[in-house]
Amino acid sequence: MFYISALIAIIGAVAYQYLIKRVPGEINPIVSVLGMYVAVMILGVILLPLFPAEGGLRNQIRQLNWIQLALAVSVMMIELGFLLMYRYGWSLSTGNVVTGVFVNIILVGLGIILLGEKISPVNIIGIILSIIGVALISIRS
C-alpha cells in the first residue's frame, strides 16, 4: 500500500489540476466547489464499505472534532484558490508548480519548528534549486 497510496495521490493530483483548469468560466466558483463536494459525498458513501470502520461507524463518527472543520476550510481554500488562479490567467504548466514549491518550503519550516524534523545539507540545496526553478518558470517570455 505504500506505493499504491502514492500512486493514487499522484493520479488524483494530476487529474485534479487538469480538470480544475477546465471548469467553465461561466459557472460560479462556489457553485462549482459545492458540486464537487456533493459528488465527493456520494463517492464517499460508495467507498465506505471498502474501508470498514473499526469499532463501528458510530464510534468513528464520535471521534470527529475541530480538525475536520479546519481541514474543510483548508480544502475550500485550495479548491477556490486553484479555480480562481486558472480562471484569472495562470497556466496549467506553472500554476501548480509555483504554488507547490512555496507550499513545500513552508511545510519544511513547519516540520522543523513544530515537529522537530531534521533536514540535511542536500535538502537545503534542493530548496535553493526549487526557488531558482520557480523564478525561472515564473519568467514570462
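Heads up: numbering here begins at 1 and tracks the sequence.
The shortest heavy-atom contact between Asn59 and Glu54 is ND2-O, 3.7 Å. Here the closest non-hydrogen pair linking Leu84 and Pro29 is CD2-CG, 4.2 Å. Of all heavy-atom pairs between Ser32 and Val23, the closest is OG-CG1, 3.6 Å. Closest heavy-atom contact between Gln60 and Ala53: CG-CB, 3.5 Å.
Taking 4.5 Å as the limit, every side-chain heavy atom of Glu79 sits out of range of all side-chain heavy atoms of Leu34. At a threshold of 4.5 Å between non-hydrogen side-chain atoms, the residues Leu48 and Leu57 count as touching. Contact check for Asn96 versus Trp90: no side-chain heavy atoms found under the 4.5 Å cut-off. Between Leu80 and Ile30 the shortest side-chain heavy-atom distance falls below 4.5 Å.
Here the straight-line distance linking atom CE of Met1 with atom CG of Leu7 works out to 10.5 Å at 0.5 Å rounding. The distance from the CD1 atom of Ile125 to the OG atom of Ser130 is 12.0 Å, given to the nearest 0.5 Å. Ile105 contributes atom CD1, which lies 10.0 Å from atom CD1 of Ile128 (distance to the nearest 0.5 angstrom). Between the CG atom of Leu92 and the CD1 atom of Ile20 there is a distance of 11.5 Å, given to the nearest 0.5 Å. Distance check: Leu136 CG to Ile131 CD1 gives 12.0 Å after rounding to the nearest 0.5 Å. In this structure, CG in Leu19 is found 12.0 Å from CG in Leu83, a value given to the nearest 0.5 Å.
Ile67 forms part of a hydrophobic cluster together with Trp66, Leu71, judged by ILVMFWY side-chain heavy-atom separations under 4.5 Å.
Residues passing the side chain to side chain contact (heavy atoms under 4.5 Å, CB included) test with Ile42, sequence neighbours excluded: Val38, Ile46. Partners of Leu47 under the side chain to side chain contact (heavy atoms under 4.5 Å, CB included) rule, at least two apart in sequence or in another chain, are Leu50. Ile8 meets the side chain to side chain contact (heavy atoms under 4.5 Å, CB included) test with Ile4; sequence neighbours excluded. Under the side chain to side chain contact (heavy atoms under 4.5 Å, CB included) criterion, Phe102 pairs with Val98, Val134, not counting sequence neighbours.
Val73 and Met76 are members of different hydrophobic clusters when ILVMFWY side chains are connected at heavy-atom separations under 4.5 Å. Under the 4.5 Å side-chain heavy-atom criterion for grouping Ile, Leu, Val, Met, Phe, Trp and Tyr, Ile78 is not connected to Leu107 through any hydrophobic cluster. A continuous path of Ile, Leu, Val, Met, Phe, Trp and Tyr side chains, each step under 4.5 Å between heavy atoms, connects Tyr88 with Ile137, placing both in one hydrophobic cluster. Cluster membership check: Val75 shares its hydrophobic cluster with Tyr16, using side-chain heavy-atom separations under 4.5 Å among Ile, Leu, Val, Met, Phe, Trp and Tyr. Following chains of ILVMFWY side-chain contacts shorter than 4.5 Å, one can reach Met36 starting from Tyr18, so the two form part of one hydrophobic cluster.
Side-chain N or O atoms of Arg87 include none that pairs as donor or acceptor with a backbone N or O of Lys21 at under 3.5 Å. In this structure, the side chain of Gln17 does not engage the main chain of Val14 through any donor-acceptor pair within 3.5 Å.
Counting only residues at least two apart or on different chains, the side chain to side chain donor-acceptor pair (under 3.5 Å) pairs with a member in residues 105-120 are Ser120-Asn123.
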